[in-house]
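I have placed the structure first, in the form of structure tokens, so that the comments after it can refer back to it.
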There are 2 protein chains.
Amino acid sequence: MTQTSKYACCSGLRDEAASQLFKALCDPTRMAILVRLTDCCGERTVSSVAECCPIDMSVVSRHLTTLRNAGVVRAVKRGKEVFYSVRTDALAKSLRAIADELEACCPSTKEDSSE
Amino acid sequence: MTQTSKYACCSGLRDEAASQLFKALCDPTRMAILVRLTDCCGERTVSSVAECCPIDMSVVSRHLTTLRNAGVVRAVKRGKEVFYSVRTDALAKSLRAIADELEACCPSTKEDSSE
DNA sequence: TGCTCGTTTGCGTCATGGTGCAAATATAGA
DNA sequence: TCTATATTTGCACCATGACGCAAACGAGCA
């Protein structure tokens, strides 16, 4: 999450990293998978994660790959199983970096609850 | 962005609000529109926003509606123009709330830069 | 009222991506 | 080596959503 603003302020939002992050989190199934992973606060195998939703395990595997590429989860292979876990700190850090960049750019638009 | 954890921890991530937020931000064009809006740090009409990208203005209008429904931008009609602006505080707050919930649930998974 | 400008909406088209099934791959154990 | 289990990958299908164009809507102005 680079903070460089080459063209416009908040241009960091257009980074590949931010883009991938939002794409990873915008699918309901992937979000369910993520919640399932946070639920145990540790590691889970693909099979274990797959219990979260009524979809084929191969699909879960693909979603986990997507989340992994986005830096949301990490994968550790042990024996014939692969253990996935949430990269909590990295994820929280990325989200806060985006929030920071937004505020640094557009100081404040406090509102009266207008839409 | 409710912080209630009815079922699992981080279940707040499954809220409609969070879901809409990520869906709104996962499209490259909408992100470009958002950056364009942050660039001026104020208001922009649909036509002005549309200069950000080579797509039809009607499409930009639709994207702005999506962003508005997700609580990312606000719209104010004045005369025959509609002025859109970023809801910086609300957006930053939402992102931080998600980061907070993640950390509150899964304390820490500090890492050695493993993937 | 009639005209013009800015924006939104209806609709058809097309690309993307989520999904399931079956086959392939990898690893542990007999 | 052969088998069983866990995961990933190839492939085809289908739903969703982004897009452009044209028409509709709304507000200001002559």
Side-chain angles (χ1 to χ4, degrees), chain A residues 13-14 16 18-37 40 42-70 72-86 114-115, chain B residues 13-14 16 18-37 40 42-70 72-86 114-115:
Chain A
L13 294 183
R14 308 184 73 167
E16 189 56 32
S19 173
Q20 272 202 316
L21 176 62
F22 290 125
K23 278 185 188 164
L25 300 178
C26 74
D27 180 74
T29 305
R30 275 195 294 275
M31 193 54 89
I33 288 172
L34 182 60
V35 171
R36 170 83 176 159
L37 273 177
C40 67
E43 299 176 321
R44 267 192 200 281
T45 63
V46 180
S47 314
S48 171
V49 171
E51 293 169 11
C52 75
C53 25
I55 60 174
D56 196 87
M57 185 164 50
S58 69
V59 178
V60 173
S61 174
R62 261 185 260 263
H63 280 312
L64 284 167
T65 299
T66 300
L67 289 169
R68 183 168 174 270
N69 290 336
V72 175
V73 305
R74 76 175 71 78
V76 176
K77 184 158 190 173
R78 205 175 303 141
K80 54 186 170 183
E81 296 171 307
V82 178
F83 293 82
Y84 285 90
S85 55
V86 184
S114 73
E115 57 178 327
Chain B
L13 294 184
R14 309 184 72 168
E16 188 56 32
S19 175
Q20 273 202 317
L21 176 63
F22 290 125
K23 279 184 188 163
L25 300 177
C26 74
D27 180 75
T29 304
R30 275 195 294 274
M31 193 54 89
I33 288 172
L34 183 60
V35 171
R36 170 83 175 158
L37 273 178
C40 67
E43 299 177 322
R44 266 192 201 283
T45 62
V46 179
S47 316
S48 171
V49 171
E51 291 168 13
C52 76
C53 25
I55 59 175
D56 197 86
M57 186 165 48
S58 67
V59 178
V60 173
S61 175
R62 260 185 261 264
H63 279 312
L64 284 167
T65 300
T66 301
L67 289 170
R68 183 168 175 270
N69 290 336
V72 174
V73 305
R74 75 174 74 77
V76 176
K77 184 158 190 173
R78 203 175 306 138
K80 52 186 172 186
E81 297 172 308
V82 178
F83 294 83
Y84 284 90
S85 56
V86 184
S114 71
E115 57 176 331

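This is a predicted model, so every value here is computed, not measured. So that the names make sense, note that chain A is the first sequence line, chain B the second, and so on, each numbered from 1.
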Do [X] and [Y] make a side-chain contact, defined as non-hydrogen atoms from C-beta onward lying under 4.5 Å apart?
X	Y	result
B:Arg36	B:Ser48	yes
A:Ser58	A:Arg62	yes
B:Leu21	A:Leu25	no

Quick one: [X] [atom1] to [N] [atom2], roughly how many Å, whole number?
X	N	atom1	atom2	answer
B:Arg44	C:dT7	CZ	P	12 Å
B:Arg68	C:dT7	CZ	C1'	13 Å
B:Leu25	D:dA18	CG	C1'	16 Å
B:Lys23	C:dT16	NZ	C1'	15 Å
B:Leu64	C:dT8	CG	P	7 Å
A:Ile55	D:dC14	CD1	P	19 Å
A:Met57	C:dA26	CE	C1'	14 Å
A:Leu67	D:dT8	CG	P	12 Å

Looking at [X], I'd like to know whether one of its side-chain N or O atoms comes within less than 4.0 Å of OP1 or OP2 on [N].
X	N	answer
B:Thr65	C:dT8	no
A:Arg62	D:dT7	no
A:His63	C:dG17	no
B:Tyr84	C:dT8	yes

Select base, sugar-phosphate, or nothing to describe what [X] touches, counting heavy atoms under 4.0 Å on all strands.
X	answer
A:Pro28	nothing
B:Arg78	nothing
B:Val59	base

Legend entry - 5'-most by nearest nucleotide on DNA chain C - A:Lys77 or B:Glu81: B:Glu81

Legend entry - Along DNA chain D (nearest heavy atom to each residue), the more 5'-positioned of A:Ser61 and B:Asp56: A:Ser61

Legend entry - Out of C:dG18, D:dA6, C:dT7, whichever nucleotide has its closest atom nearest the side chain of A:Asp27: C:dG18

Inset, instruction - Between D:dA6, D:dC19, C:dG18, spot the one nearest the side chain of A:Lys80, thanks. - result: D:dA6

Legend entry - Any donor-acceptor N/O pair under 3.5 Å between D:dC19 base and B:Ser58 side chain: no

Inset, instruction - Drop me the distance from B:Leu67's CG to B:Asp27's CG, to the nearest 0.5 angstrom. - result: 9.0 Å

Inset, instruction - Report the distance from atom CD of A:Glu51 to atom CZ of A:Arg44, rounding to the nearest 0.5 Å. - result: 7.0 Å

